[in-house]
Amino acid sequence: MKVVQELVAYFDRRGDLSKTYLRKLLDQGFLAADAPATMIDLCNPVGATFYFKVRGESEGPLWGTDTYTGDSSLAAAAVHAGLVKPGQTAIVKVTVVPPLSDYQGSTRNGVTSHDFGRYGAAFRLGPI
């Protein structure tokens, strides 16, 4: 699944894949895998993109705002980012980004994230 996701992400970044066609592939279940608990094992290389089915959770370890540490809960981050509500499932786009020197916590959508210093892996979430 990871190889297929990387191939699709490559064409998506180049603009060679329309949003309609991407949505069609996702709806048919060809791209999105169930989300892992965290991104820690997938945060290499920077720039990698994944599409995951995420079931939102209002609790879980979470550090950062908009850019989250690699060991943050993907389900809590998706709710914090406003991409899904707790208990609902959605497909989200996860992009591995360069780590920050510090992560600022905040409260959004009923989920509280925490401050953290330097951490070696990070990701951002986005809608499809």
(request) Give the minimum heavy-atom separation between S113 and T65, together with the two atoms involved. (result) OG-OG1, 3.7 Å

(request) Identify the heavy atoms of I128 and I91 that sit nearest to each other, and give their distance. (result) CG1-O, 3.5 Å

(message) I'd like to check H114 versus T69 (side-chain heavy atoms, cut-off strictly below 4.5 Å). Are they in contact?
(response) no

(message) Looking at N109 and V79, would you say the former's side chain and the latter's main chain have a donor-acceptor pair under 3.5 Å?
(response) yes

(message) Within a 6.0 Å radius of atom CD on E59, are there more than 12 heavy atoms belonging to other residues, nucleotides or ligands?
(response) no

(request) Give, for atom OG1 of T107 and atom CG of L62, the distance between the pair rounded to the nearest 0.5 Å. (result) 10.0 Å

(message) Using a 4.5 Å cut-off between side-chain heavy atoms of Ile, Leu, Val, Met, Phe, Trp and Tyr, which other residues end up in the same hydrophobic cluster as Y103?
(response) I40, W63, L100, F116, Y119

(request) Not counting sequence neighbours, list each pair that qualifies as a ring pair (Phe, Tyr, Trp, His ring centres under 6.0 Å) and has a residue in residues 76-101. (result) Y68-H80

(request) List the atom of F52, the atom of D34, and the distance in Å for their closest heavy-atom pair. (result) CD2-O, 3.7 Å

(message) Using every non-hydrogen atom in the two residues, find where A81 and L125 come nearest and quote the distance to one decimal.
(response) CB-CD1, 4.4 Å

(message) Consider side-chain contact (heavy atoms from CB on, under 4.5 Å). Of T38, V96, D71, which one does C43 pass it with?
(response) V96

(message) Can you give me the closest heavy-atom contact between V111 and E57, atom names plus distance?
(response) CG2-O, 4.2 Å

(request) Of all the heavy-atom pairs spanning A122 and P98, show the shortest one and how long it is. (result) CB-O, 4.0 Å

(message) Check for me, please, whether L74 and L42 land in the same ILVMFWY cluster - side-chain distances under 4.5 Å, paths through other members count.
(response) yes

(request) Please confirm whether the backbone N or O of G87 pairs with a side-chain atom of R55, one donor and one acceptor, at under 3.5 Å? (result) yes

(message) For residues 116-127, which residue pairs pass the salt bridge (charged side-chain N to carboxylate O under 4.0 Å, His left out) check, not counting sequence neighbours?
(response) none

